[in-house]
Novice: 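Following this message is one structure expressed as structure tokens.
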Amino acid sequence: MKAGIVGLPNVGKSTLFNCLSNAKAQSANFPFCTIEPNIGVVNVPDPRLEKLEELVNPERVLPATVEIVDIAGLVKGASKGEGLGNQFLANIRETDAILHVLRCFDDPNIIHVDGSVDPIRDKETIDMELQLKDLDTVDKKLDKVKRAAKTGNKEAQKEEAVLLKIKAGLEAGVSVRALEFSEEDYEDFVVPSQFITDKPVMYVCNVDEAAANTGNAYVDKVKEAVKDENAEVLVLAVGTEADINELDDYEERQMFLADIGLEEPGSAKLIRSAYKLLKQQTYFTAGVKEVRAWTVNIGATGPQAAGVIHTDFEKGFIRAEVIAYNDFVEYGSEAKVKEAGKMKVEGKNYIVKDGDVMHFLFNV
């Protein structure tokens, strides 16, 4: 699963990407510095993993990961191919969620592509380009569907109605994710089209260090503007995060964070939020060889969770032995959890819960 970082040029996208992935994407004070999308595989910070390591003392520990894609800055006219528009929009289409970076700080030394700082205008510029691209997708689909609908094809008529609703919404400046559909219509007619504005979005307000904890007037405007979008707003001082990232010593990092009133780097919170935005959750396997966090979709069944380890585990799934994370911590070991009668044996219909410690029995 991939989350794509988007925004206008010079809002802090590549700097944020560097902080998240420790990969050194080129970062410069001019538009179109990032041409090819940089992809970073980022560890998901999870204190539960550290606790399991402490209890089990394994040979190695492997965290869950999420892919973050740094996509070059969009500009007005991208939907018509301006700048590097077509390439950018294709890169966004290949992601599963959008991290939309908005510049919410003043700095005369960093040029703004539109000449002034206005995160609402910037948001609307990108929204409009993505909506125009989706409108192009709708129009092309409608051309085909209308012909089938005229012949009396019931499915085509249903699809036509859904597409016309999307078209009207986009023309009114409403993204697909803000429209309401029945579950059946959404799965049958919306999902297959992979509309860019249907992807879940999180707005990342890039502020200066002074506003890292409390936000500022720009952030307040963003929160007001997106209050009906069912989208998360995260405040992050990207420049400060870059400074934290430069510190190799753990104690120095903690002192730096304490000085600015933060308990952890904002980038850690962003990674966890991106993970949730992608509708992902974690289960653990815990043994002396390895303690590992595995990523599954929220709502995954026992066999689906087993399949993340190996397809044979899913095919030959017999049952799962499941320990709730809190029980594992309370009793301190798998053996003591068993003694206390807290280990559950679950079958094929079990819905995995975030934090489950699992062991699978299978036969192929």
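Note that the structure is predicted; figures quoted are calculated from it, not measured.
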Novice: Measure the CZ-CG distance between R121 and L8 for me, rounded to the nearest 0.5 Å.
Specialist: 8.0 Å
Novice: Inspect the contact between K336 and E339 and indicate whether a charged nitrogen and a carboxylate oxygen are less than 4.0 angstrom apart.
Specialist: no
Novice: Salt bridge or not for E224 and K227, using N-O below 4.0 Å?
Specialist: yes
Novice: Which residues pass the side chain to side chain contact (heavy atoms under 4.5 Å, CB included) test with D188, sequence neighbours left out?
Specialist: E184
Novice: Just checking, is any N or O donor in the side chain of E241 or S267 under 3.5 Å from an acceptor N or O on the other one?
Specialist: yes
Novice: One thing to verify: whether R48 and D354 come together as a salt bridge, which I'm taking to mean a side-chain N less than 4.0 angstrom from a carboxylate O.
Specialist: yes
Novice: Do the side chains of F284 and V337 join up, straight or via other hydrophobic residues, at under 4.5 Å, putting them in one cluster?
Specialist: yes
Novice: Side chains of F256 and T240: closer than 4.5 Å at any heavy-atom pair?
Specialist: yes
Novice: Looking at K269, I want to see if its NZ is surrounded by more than 12 non-hydrogen atoms of other residues, nucleotides or ligands under 6.0 Å.
Specialist: no
Novice: Check for me, please, whether F313 and Y283 land in the same ILVMFWY cluster - side-chain distances under 4.5 Å, paths through other members count.
Specialist: yes
Novice: Quiz question: by atom type and distance under 3.5 Å, do the side chains of N43 and T65 form a donor-acceptor pair?
Specialist: no
Novice: Looking at D122 and R103, does any basic side-chain N land under 4.0 Å from a carboxylate oxygen?
Specialist: no
Novice: For the pair K141 and E160, evaluate salt bridge (Lys or Arg N to Asp or Glu O under 4.0 Å) and give the outcome as yes or no after the intermediate values.
Specialist: CA-CA 9 Å; K141 287 217 86 171; E160 182 185 18; over 6 Å; no
Novice: Do F181 and K165 come close enough that some side-chain heavy atom pair is under 4.5 Å?
Specialist: yes
Novice: List for me each residue that meets ring pair (Phe, Tyr, Trp, His ring centres under 6.0 Å) alongside Y275, sequence neighbours excluded, and say none if there are none.
Specialist: none
Novice: Do D106 and Y218 meet the criterion of a side-chain donor-acceptor pair at a distance under 3.5 Å?
Specialist: yes
Novice: With a 3.5 Å cut-off and no angle check, do the side chains of Q131 and S175 form a donor-acceptor pair?
Specialist: yes
Novice: E232: what forms a side chain to side chain contact (heavy atoms under 4.5 Å, CB included) with it, not counting sequence neighbours?
Specialist: M202, L234, S273
Novice: Is it true that E129 and K133 make a salt bridge, defined as a side-chain N closer than 4.0 Å to a carboxylate O?
Specialist: no
Novice: Report the residues that fulfil ring pair (Phe, Tyr, Trp, His ring centres under 6.0 Å) with F317, sequence neighbours left out, ordered by chain and then residue number.
Specialist: none
Novice: Find out if a path of hydrophobic residues (ILVMFWY) with successive side-chain heavy-atom gaps under 4.5 Å connects I309 to V56.
Specialist: no
Novice: Check this for me: does any side-chain nitrogen of one of E264 and R272 sit under 4.0 Å from a carboxylate oxygen of the other?
Specialist: yes
Novice: According to a hydrophobic-cluster definition based on side-chain heavy atoms being under 4.5 Å apart (Ile, Leu, Val, Met, Phe, Trp, Tyr only), do V191 and V176 belong together?
Specialist: yes
Novice: Should the pair K342-E334 be classified as a salt bridge under the 4.0 Å nitrogen-to-oxygen rule?
Specialist: no
Novice: Indicate whether the side chain of T282 and that of W294 have a donor and an acceptor atom separated by less than 3.5 Å.
Specialist: no
Novice: Can you pull the ring pair (Phe, Tyr, Trp, His ring centres under 6.0 Å) pairs that have at least one residue in residues 184-206, sequence neighbours excluded?
Specialist: H100-Y203
Novice: Assess whether a salt bridge exists between D143 and R147, defined as any Lys/Arg side-chain N lying under 4.0 Å from an Asp/Glu carboxylate O.
Specialist: no
Novice: Among residues two or more places apart or on two chains, list those pairs meeting ring pair (Phe, Tyr, Trp, His ring centres under 6.0 Å) that have a residue in residues 131-154.
Specialist: none
